[in-house]
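To start, the structure itself, in structure tokens.
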Amino acid sequence: MKVLSVASEVYPLIKTGGLADVTGALPGALAGRGAEMTTLIPGYPAVMSALEAAEPIHMLPDLFGGSARILRGKGKGLDLFVLDAPHLYNRAGNPYLGPDGKDWPDNARRFAALSQVAADLARGTFAGYAADVLHAHDWQAGLAPAYLRYLGGPKSLITVHNLAFQGHFPASIFGALGLPLQAFTIDGVEYFGGVGYLKAGLRCASAISTVSPSYAREIQTVEDGMGLDGLLRERSAVLHGIVNGIDIDVWNPETDAALAKTFSASTIDKRKENKRAIERQFGLKQGDGLLYCIVSRLTEQKGMDLVAAAIGKLVTTGARLAVLGSGDALLEGALRDAAASYPGLVGVSIGYDEKLSHLLQGGSDAILIPSRFEPCGLTQLYGLRYGCVPVVARVGGLADTLIDANDAAVSADVASGVQFAPVTQDALEYALDRTAALYTDPQGWRSMQKAGMKADVSWERSASRYASLYRSL
Ligand code: ADP
Ligand code: GLC
């Protein structure tokens, strides 16, 4: 079975968040399960320079305003189709945003082109390849199922990694899409008078999935459906919640070269050296007290305003905090100010640093994730695997992937983290108190770390679920 995966980012070639981790790991996870996955990705500079042995398989003289080539090759171990369209993708930096931090003004064309080429590839337009199933990720690939539905081709699956990003554009783009007129209806790509790329995918794909069972339920409610709940409820029979796994080779505390000291479940004490390295890098006082980390986009989704507000409480429980992240300028500023108010107790590093993110997981005692909504979340999974206890809001995938340290779970030795609800400053502060109390019992804490490190966070089960979903299509 040939599956064409279509995405706007894929680890380790280009990554802004968890989407890349998932699209990067899924092809390998499917190997041996009867699904052969090739990934179509835009030819950003970072992708072009990582390509090995690439061959052009087709030329397109005019793709949304310029000429383009489809290349087939390998990049960092992945089987790829690359859409080399310099007028659309030859821009350094973030794949979605210009240097001014705003969306590229031609994003409607950039990702319509990706989706159109995906559909063409899938239906066998170019000699030598056709897919049995097309797997589209998020709004950037959302039009691909629409092209298949209106112009013919195989069945498709669309995965929602985050309903907050919908790719909603003015109706004026419709003429350029090459879709038949009848596609511009509520039953097609039309959305509040414009064109909705994610909406189009949700309407036109043969099946829909999202990245945790809880999020699959949440997005069918008015509160969390972000305007698409009606459509999702209507399609609930083909809506699946499949929790993400992680790449347990990239994230392996026993071999991780980014750590100051590697460790396993039976040598958890060695984590201390990583803690010392974090203290040095973040200018924190040295000590064995509770150290939290945050590795995150700094946005409201991630509850970073709540963290800024609760920092006073955090330090009064005797804890320290190291933050690695970037995003919203206001939140970056609020966290920087907090660090300045608590020198030696709070350290903030603004930026994106893959290596440092591993060290933080390998040396902090706990990772704080107070998201307002979280489709799946990967950093709590890395935390579990690295003995870094997740302290999380009980939403989406954060609700599904760990067991709260309530009394029953603690006595049964199965607790692997701390969950709180609702997502408010009060509840977060209460969770900080609970966590500090748990930390005073070294044996209990150790048992939480071990429960996490034992949890199956690999792709095993979920890859099988994707494979059977493809087969059913
Ligand atoms: P989202 O995709 O919503 O941002 P996830 O938890 O699914 O959230 O995935 C985030 C991914 O990005 C993880 O791999 C995390 O380690 C990584 N990440 C986020 N911010 C940073 C950062 N500043 N530096 C390094 N890695 C980061
Ligand atoms: C999105 C979500 C995150 C999820 C990731 C991968 O970025 O915000 O929760 O883990 O996609 O599916």
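Read the numbers this way: they start at 1 and go in the same order the structure lists the ligands and their atoms. One is the number of the first residue; the rest follow in order along the sequence.
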Item to check | Heavy-atom nearest neighbour in the protein, as seen from atom 6 (O) of ligand 1, with distance rounded to 0.1 Å | outcome: Leu378 N, 2.9 Å
Next on the checklist: I'd like to check which ligand 1 atoms, numbered from 1 as shown, lie under 4.0 Å from a non-hydrogen atom of Tyr382.
Outcome noted: 13 (C), 14 (O)
Checklist outcome for this item: Numbered in order shown, the ligand 2 atoms found under 4.0 Å of a heavy atom of Gly377 are 3 (C), 4 (C), 9 (O), 10 (O)
Item to check | Asn162-ligand 1 polar pair, N/O distance under 3.5 Å | outcome: no
Item to check | Residue and atom name of the nearest protein heavy atom (relative to atom 24 (N) of ligand 1), distance in Å to one decimal | outcome: Asp353 N, 3.0 Å
Checklist entry - Do any N or O atoms from the side chain of Arg320 and from the backbone of Gly287 form a donor-acceptor pair under 3.5 angstrom? => result yes
Checklist entry - Would you say Gly325 contacts ligand 1, with heavy atoms under 4.0 Å as the rule? => result yes
Checklist entry - NZ of Lys15: more than 12 outside heavy atoms within 6.0 angstrom? => result yes
Next on the checklist: Using the rule side-chain contact (heavy atoms from CB on, under 4.5 Å), only one of Thr435, Val295, Leu432, Val392 pairs with Leu368; which is it?
Outcome noted: Leu432
Next on the checklist: Using the ring centroid of each side chain, check whether Tyr466 and His135 are separated by less than 6.0 Å.
Outcome noted: yes
Item to check | Nearest option to atom 1 (P) of ligand 1, as decided by whichever heavy atom of Lys355, Lys302, His161 sits closest | outcome: Lys302
Checklist outcome for this item: Numbered in order shown, the ligand 2 atoms found under 4.0 Å of a heavy atom of Gln301 are 8 (O)
Item to check | Atoms in ligand 1 flagged as close to Asp21, the criterion being non-hydrogen separation under 4.0 Å | outcome: 11 (C), 13 (C), 14 (O)
Checklist entry - Which of the atoms in ligand 1, numbered in the order shown and given with their element, are less than 4.0 Å from a heavy-atom of Gly17? => result 2 (O), 11 (C), 12 (O)
Checklist entry - Counting each atom of ligand 2 from 1 as listed, which ones have a heavy atom of Val211 under 4.0 Å away? => result 12 (O)
Checklist entry - If you count the non-hydrogen atoms of other residues, nucleotides and ligands that lie under 6.0 Å from CZ in Arg461, is the total more than 12? => result no
Next on the checklist: For Glu254 and Thr262, which I'm curious about, is there any donor-acceptor pair between the side chains at under 3.5 Å?
Outcome noted: no
Checklist entry - With ring centroids as reference points, do Trp139 and Phe165 lie under 6.0 angstrom apart? => result no
Checklist entry - Do any nitrogen or oxygen atoms of Ser326 lie less than 3.5 angstrom from nitrogen or oxygen atoms of ligand 1? => result no
Next on the checklist: For Ser156, run the side-chain contact (heavy atoms from CB on, under 4.5 Å) check against Val6, Leu134, Leu4 and tell me which one passes.
Outcome noted: Leu134
Checklist entry - So, the side chain of Asn107 versus the backbone of Tyr96: is there a donor-acceptor pair under 3.5 Å, distance only? => result yes
Checklist outcome for this item: If we number the atoms of ligand 2 from 1 as shown, the ones under 4.0 Å from a heavy atom of Asn162 are 8 (O)
Checklist entry - So, do Ile278 and Ser364 sit near enough that their side-chain heavy atoms are less than 4.5 Å apart? => result yes
Item to check | Closest protein heavy atom to atom 9 (O) of ligand 2, given as residue, atom name and distance to 0.1 Å | outcome: Glu374 OE2, 2.4 Å
Next on the checklist: Just to confirm my output: which protein heavy-atom neighbour is closest to atom 15 (C) of ligand 1, and how far is it?
Outcome noted: Thr379 CG2, 3.6 Å
Checklist outcome for this item: Of all protein heavy atoms, the one nearest atom 2 (O) of ligand 1 is Gly18 N, 2.6 Å
Next on the checklist: Checking Tyr352 against Glu354: is there a side-chain donor and acceptor pair closer than 3.5 Å?
Outcome noted: yes
Checklist entry - Among all protein non-hydrogen atoms, which one is nearest to atom 22 (C) of ligand 1, and what is the separation to 0.1 Å? => result Tyr352 CD1, 3.5 Å
Item to check | Proximity flag Gln380 to ligand 1, non-hydrogen atoms under 4.0 Å | outcome: no
Checklist entry - Does Tyr11 reach ligand 1, in the sense of a heavy atom lying below 4.0 Å from it? => result no
Checklist entry - Should the proximity of Pro375 to ligand 1, defined as any heavy atom under 4.0 Å, be assigned to the side chain, the backbone, both, or neither? => result neither
Next on the checklist: At less than 4.0 angstrom from any non-hydrogen atom of Arg297, what atoms of ligand 1 do you find?
Outcome noted: 1 (P), 3 (O), 4 (O), 20 (N)
Next on the checklist: Suppose we call two aromatic rings close when their centres sit under 6.0 Å apart. Are Phe111 and Tyr197 close by that rule?
Outcome noted: no
Item to check | Atom indices of ligand 2 within 4.0 angstrom of Gly18 heavy atoms, with elements | outcome: 5 (C), 6 (C)
Item to check | Protein heavy atom at shortest distance from atom 23 (N) of ligand 1 | outcome: Gly351 O, 2.8 Å
Checklist entry - Any N or O of Cys376 that comes nearer than 3.5 Å to an N or O of ligand 2? => result yes
Item to check | Heavy-atom nearest neighbour in the protein, as seen from atom 7 (O) of ligand 2, with distance rounded to 0.1 Å | outcome: His161 O, 4.2 Å
Next on the checklist: For atom 12 (O) of ligand 1, what's the nearest protein heavy-atom neighbour? Residue, atom name and distance, please.
Outcome noted: Lys15 CE, 3.6 Å
Item to check | side-chain contact (heavy atoms from CB on, under 4.5 Å) partner of Val307, chosen from Ile369, Val323, Leu321 | outcome: Leu321
Next on the checklist: Determine whether a donor-acceptor pair (N or O, by modelled atom type, separation under 3.5 Å) exists between the side chain of His168 and the backbone of Tyr191.
Outcome noted: yes
Next on the checklist: Distance under 4.0 Å to a non-hydrogen atom of Val22: what atoms of ligand 2 satisfy this?
Outcome noted: 6 (C), 12 (O)
Next on the checklist: Parallel, tilted or perpendicular: which one describes the rings of Phe263 and Tyr386, with boundaries at 30° and 60°?
Outcome noted: perpendicular
